[in-house]
Number of protein chains: 2
Amino acid sequence: MDTEKVFSYKEPEENSGYLLWQVTMQWQLNMNRALGKMGLTLTQFSLMAGLYWLSQKQQTVTQQQLADYANTDKMMTSKVLITLEKKQFLERVKDPDDSRAKQLKITKKGTQTLKEAYQIVKQVDDVFFKNVFKDKTVFDDLLTRLIK
Amino acid sequence: MDTEKVFSYKEPEENSGYLLWQVTMQWQLNMNRALGKMGLTLTQFSLMAGLYWLSQKQQTVTQQQLADYANTDKMMTSKVLITLEKKQFLERVKDPDDSRAKQLKITKKGTQTLKEAYQIVKQVDDVFFKNVFKDKTVFDDLLTRLIK
DNA sequence: CTAATTTAGTAGTCGTAACTACTAAATTTA
DNA sequence: TAAATTTAGTAGTTACGACTACTAAATTAG
């Protein structure tokens with residue numbers, strides 16, 4: 001049988017990448033289930049949070065700027081932002097200085113939803129990371145070293 | 001402006017969950033780009049690798065068993081397995097003992113592809129985790145504690 | 001042994017995520 | 001300043017990933 005040929009092969013659980021993947025999928029699932037109760041996905045929340053942050057740093061925020069900040073591609077970002085506009089969580093206004101660009105403005109409803117969603121996210125994170133809490137700095141350092 | 005209302009809010013980069021998400025997305029992207037050169041996605045590779053492993057532990061493997069092993073849902077697994085069968089990497093044979101079930105058999109072509117893909121995966125992993133190599137045990141331990 | 005329940009798999013939906021390809025506007029440079 | 005290049009955003013494709021809903025077969029229970 002083909003499968004009896006032996007070639008060096010780690011069991012999935014022995015592989016850092018696979019572990020990372022599994023853990024993140026679980027975290028994401030928890031987040032999406034919790035956020036789903038208020039009609040948000042994790043990606044939607046994350047873009048709204050990013051917009052909130054960027055809005056505090058600069059007067060105007062374009063879709064491209066938000067995409068850069070959130071490390072999402074502009075095509076996907078565009079679609080999610082259209083969805084968020086339909087839900088009236090933000091507005092996409094034509095930029096007067098650059099007629100290609102859209103300025104993003106979070107609405108009152110959006111801010112309120114974000115505020116509530118953030119409580120949920122914080123709660124889910126606390127539960128999820130409680131097993132690692134003492135080593136949180138170590139954990140975050142290791143992750144940070146893996147970025148880029 | 002709405003966004004000037006202050007409410008406690010961590011910057012994304014200060015958040016373990018967000019870091020985890022970003023790192024995993026980057027790892028996944030690297031993997032998918034590398035595996036893409038040989039016509040595989042990470043998920044396809046992962047299911048083939050899981051099938052390979054399970055095949056060594058038991059005589060027969062059903063879709064459900066593979067899904068359980070890989071922590072994927074059976075609906076998604078079914079679709080990916082149909083794709084893999086079309087690519088002739090495996091066969092889905094009717095189980096003689098349980099006519100609801102499909103027995104999965106990796107083909108010669110599948111084994112060969114898996115072998116080559118594994119070299120790629122190993123390579124990408126080595127590069128990706130090189131910054132953490134000395135702390136690999138610590139890293140894997142922390143991740144393992146987060147599972148389930 | 002029949003009815004109720006569980007199990008294995010498929011079909012189809014929604015929302016990313018990574019693409020290619022495109023339009024139109026802004027910027028650079030020759 | 002006209003031409004070449006870059007930039008901001010949209011449209012559409014493929015492939016998960018998490019669902020609901022369904023069929024049919026196997027198992028359990030009364």
Checklist outcome for this item: In whole angstroms, the gap separating C1' of D:dG9 from CG of A:L104 amounts to 11 Å
Item to check | Electrostatic pair A:D68:A:K74 at N-O distance under 4.0 angstrom | outcome: no
Checklist outcome for this item: To the nearest angstrom, the CG-P distance between B:D68 and C:dG9 comes to 10 Å
Checklist outcome for this item: Per atom distances to the A:R92 side chain, the nearest of C:dA26, D:dG9, D:dG17 is D:dG9
Checklist entry - What is the nucleic acid contact for B:D98, judged by heavy atoms within less than 4.0 Å: base, sugar-phosphate only, or nothing? => result sugar-phosphate
Next on the checklist: Side-chain N or O of A:T43 versus OP1/OP2 of C:dA17: is the shortest distance under 4.0 Å?
Outcome noted: yes
Checklist entry - For B:P96 and B:V80, take the nucleotide of DNA chain D holding the closest heavy atom to each; which residue's nucleotide lies nearer the 5' end? => result B:V80
Checklist entry - Between B:S99 and D:dA26, does any side-chain N or O lie under 4.0 Å from OP1 or OP2? => result yes
Checklist entry - With respect to the side chain of A:M75, which nucleotide from D:dA11, C:dG9, D:dA24 is positioned closest? => result D:dA11
Item to check | Atom pair distance, as rounded to whole Å: CD in A:Q63 and C1' in D:dT10 | outcome: 9 Å
Checklist entry - Is any side-chain N or O of A:T41 closer than 4.0 Å to OP1 or OP2 of C:dT16? => result yes
Checklist entry - Is A:R92 paired with A:E85 through a side-chain N to carboxylate O contact shorter than 4.0 Å? => result yes
Checklist entry - Just wondering, more than 12 heavy atoms not from A:K134 lying within 6.0 Å of its NZ? => result no
Item to check | Distance, rounded to the nearest Å, where B:L42 contributes CG and C:dA17 contributes C1' | outcome: 13 Å
Checklist entry - So does B:K79 reach the base of C:dG9 with its side chain, donor to acceptor, closer than 3.5 Å? => result no
Checklist entry - Given that A:N71 and B:S78 both sit by DNA chain C, which one's nearest nucleotide is further toward the 5' end? => result B:S78
Item to check | Nearest-angstrom distance from the residue atom CG of A:L84 to C1' of C:dC14 | outcome: 15 Å
Checklist entry - Does B:R145 pair with A:D135 as a salt bridge, N-O distance under 4.0 Å? => result yes
Item to check | 5'-most by nearest nucleotide on DNA chain D - A:T62 or A:R33 | outcome: A:T62
Checklist entry - For B:Q44 and B:K87, what are the C-alpha separation, side-chain angles and deciding distance, and is it a side-chain hydrogen bond (donor to acceptor under 3.5 Å, both in side chains)? => result CA-CA 11 Å; B:Q44 288 165 15; B:K87 293 184 186 181; 3.0 Å; yes
Next on the checklist: Using the side-chain heavy atoms of B:M25, tell me which of these nucleotides is nearest: C:dT10, C:dA18, C:dG9.
Outcome noted: C:dA18
Checklist entry - Ignoring hydrogens and angles, are the base of C:dG9 and the side chain of B:K102 linked by a donor-acceptor pair under 3.5 Å? => result no
Checklist entry - What integer distance in Å separates B:L66:CG from C:dG9:C1'? => result 13 Å
Item to check | Distance in angstrom units between A:M76 CE and D:dG9 C1', rounded | outcome: 15 Å
Item to check | Derivation and outcome, side-chain hydrogen bond (donor to acceptor under 3.5 Å, both in side chains), residues B:Q65 and B:Y69 | outcome: CA-CA 6 Å; B:Q65 286 167 351; B:Y69 185 68; over 6 Å; no
Checklist outcome for this item: Rounded to whole Å, the CD1-C1' distance (B:I82 to C:dT10) equals 7 Å
Checklist entry - Any idea which of D:dA8, C:dA11, C:dG15 is nearest the A:Q44 side chain? => result C:dG15
